[in-house]
Each structure stands twice: as structure tokens, then as C-alpha cells.
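All values reported here derive from a predicted model rather than from experimental measurement.
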Amino acid sequence: MLTIALLALLCASASANAIQARSSSYNGEYGGGGGQRFSHSGNQLEGPITALRVRVNRYYIVGLQVRYGKVWSDYVGGKQGDLEEIFLHPGESVIQVSGKYKNYLRKLVFVTDKGRYLPFGKDTGTSFNAVPLHPNTVLRFISGRAGSLINAIGLHWDVYPSHCSSC
């Protein structure tokens, strides 16, 4: 009788796990050491990623700022170089991030589900290519380390937020 009860409990647990499938995943950290840690984990509550600001100089990714819904994150990184800004189309999401690094981040390429490639920086260094582990998930927020340059980046993936259709 105890064996049957344990078997029933095991089957119930297995079916509950199938129902509650995981959707979040993480890639990184890509880059070198040093810098102060940053994370936009709280920013994702404002909505999906809707725009990117990336500051670049001749050699490196200098700074980053991401807009979540209609709210910009804190800027991280240095002040030297040119600031580039790209807005995503309504409902558009980042589904892949590739880049290059050597001690610091040198290149980032954001790829969207609408087929757009959004490149920043220089094409030199060790390559990386980050995609979500689970299907139908998108880039939800970034983390990493920064000082006067972006030392490293981490990429966090999850489902598109259903509560923010107007973002």
C-alpha cells in the first residue's frame, strides 16, 4: 500500500513539473575581469526592452543604457565616445546577441525577431553568440560589470511580458 502511495505521489510530482515548464535562461558573462557589477533585473518589471543606447569609441563598447517599456535604465560605463540609439518597433524583441571581447567588450550585435541586425562596436576579439535556451523566449534584461568601459555582459532570457502590449 505504501508503495502505491509513493508511486502516485511520484507521478503527480512529474506531471506538475511538466505543467510548470521553465522558460528563463542565462548566457554569460562575456568579457574580461574588473569593473563594478550592475543588473537590470528590476527594470524588466517596467516592460519589454524597447530601445538601446550604446556608447562606442574606436576600440570598445564604452557604455550601455536600455529602455524597458517606457523607462530608461541607469546608464552604465564611461562617457567617452559616440552614443548610438536604436528603438525597437512595437512588439519587436531581441532573440539573439553576439559580440566580441578581449579584456573589455568590443562589439555587440542584437538580432530581433523581425530580422533586424543592430550592430555596435568593432569586429575584433574573442567571439560569443548568445541565444535563449527555451523556445519562444526573448532578451528580458542585461547584467554585467562596468567602469570607464563595459568590462563584461550577461544576458537574461524569458517569455515576452503579456501585461505590456502597448510598450
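Every residue was checked against the ring-ring contact (aromatic ring centres under 6.0 Å, His included) condition with F110, not counting sequence neighbours, and none meets it.
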Report task. Could you go through the side-chain contact (heavy atoms from CB on, under 4.5 Å) check for V62 and D82 one step at a time? Result -> CA-CA 9 Å; V62 176; D82 298 322; over 6 Å; no
**Report entry** L105 vs F120, side-chain contact (heavy atoms from CB on, under 4.5 Å): CA-CA, chis, key distance, verdict
**Finding:** CA-CA 11 Å; L105 206 55; F120 302 93; over 6 Å; no
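The hydrophobic cluster containing Y60 does not contain V97, counting ILVMFWY residues as joined when their side-chain heavy atoms lie under 4.5 angstrom apart, directly or transitively. Under a hydrophobic-cluster definition in which Ile, Leu, Val, Met, Phe, Trp and Tyr are linked whenever side-chain heavy atoms come within less than 4.5 Å, directly or via other members, Y101 and V76 are assigned to the same cluster. Residue L149 is not grouped with residue L108 when hydrophobic side chains (ILVMFWY) are merged at heavy-atom distances under 4.5 angstrom, including chains of intermediate members. W157 and I142 end up in the same hydrophobic cluster when Ile, Leu, Val, Met, Phe, Trp and Tyr side chains are linked at under 4.5 Å. No continuous path of ILVMFWY side-chain contacts below 4.5 Å connects V111 to I86, so the two sit in separate hydrophobic clusters.
Ring pair H40/Y68 is perpendicular by interplanar angle, where above 60° counts as perpendicular and below 30° as parallel.
Proximity of a side-chain donor or acceptor of R140 to a complementary backbone N or O of Q44 within less than 3.5 Å is detected. Listed for the R145 side chain is a donor-acceptor partner under 3.5 Å among the backbone atoms of G34.
The shortest distance between side-chain heavy atoms of K114 and E92 falls below 4.5 Å. At a threshold of 4.5 Å between non-hydrogen side-chain atoms, the residues R116 and L88 count as touching. N27 places none of its side-chain heavy atoms less than 4.5 Å from the side chain of N129. At a threshold of 4.5 Å between non-hydrogen side-chain atoms, the residues I61 and V54 count as touching. Two residues are said to be in side-chain contact when any heavy atoms from C-beta on lie closer than 4.5 Å; Y160 and N136 fail this criterion. No side-chain heavy atom of L118 sits less than 4.5 Å from a side-chain heavy atom of V109.
One finds the CG atom of N43 at 11.5 Å from the OG atom of S143 (value rounded to the nearest 0.5 Å).
E84 has no carboxylate O lying under 4.0 Å from a charged side-chain N of R53, or vice versa, which leaves the two without a salt bridge. E46 and K70 are not joined by a salt bridge, as no carboxylate oxygen comes within less than 4.0 angstrom of a charged side-chain nitrogen. For D123 and K100, the salt-bridge test passes: some basic side-chain N is under 4.0 Å from an acidic carboxylate O. A salt bridge does not link E85 with R55: none of the charged nitrogens is closer than 4.0 Å to a carboxylate oxygen.
Crowding of Y117 atom OH: a count of heavy atoms from other residues, nucleotides or ligands under 6.0 Å not exceeding 12.
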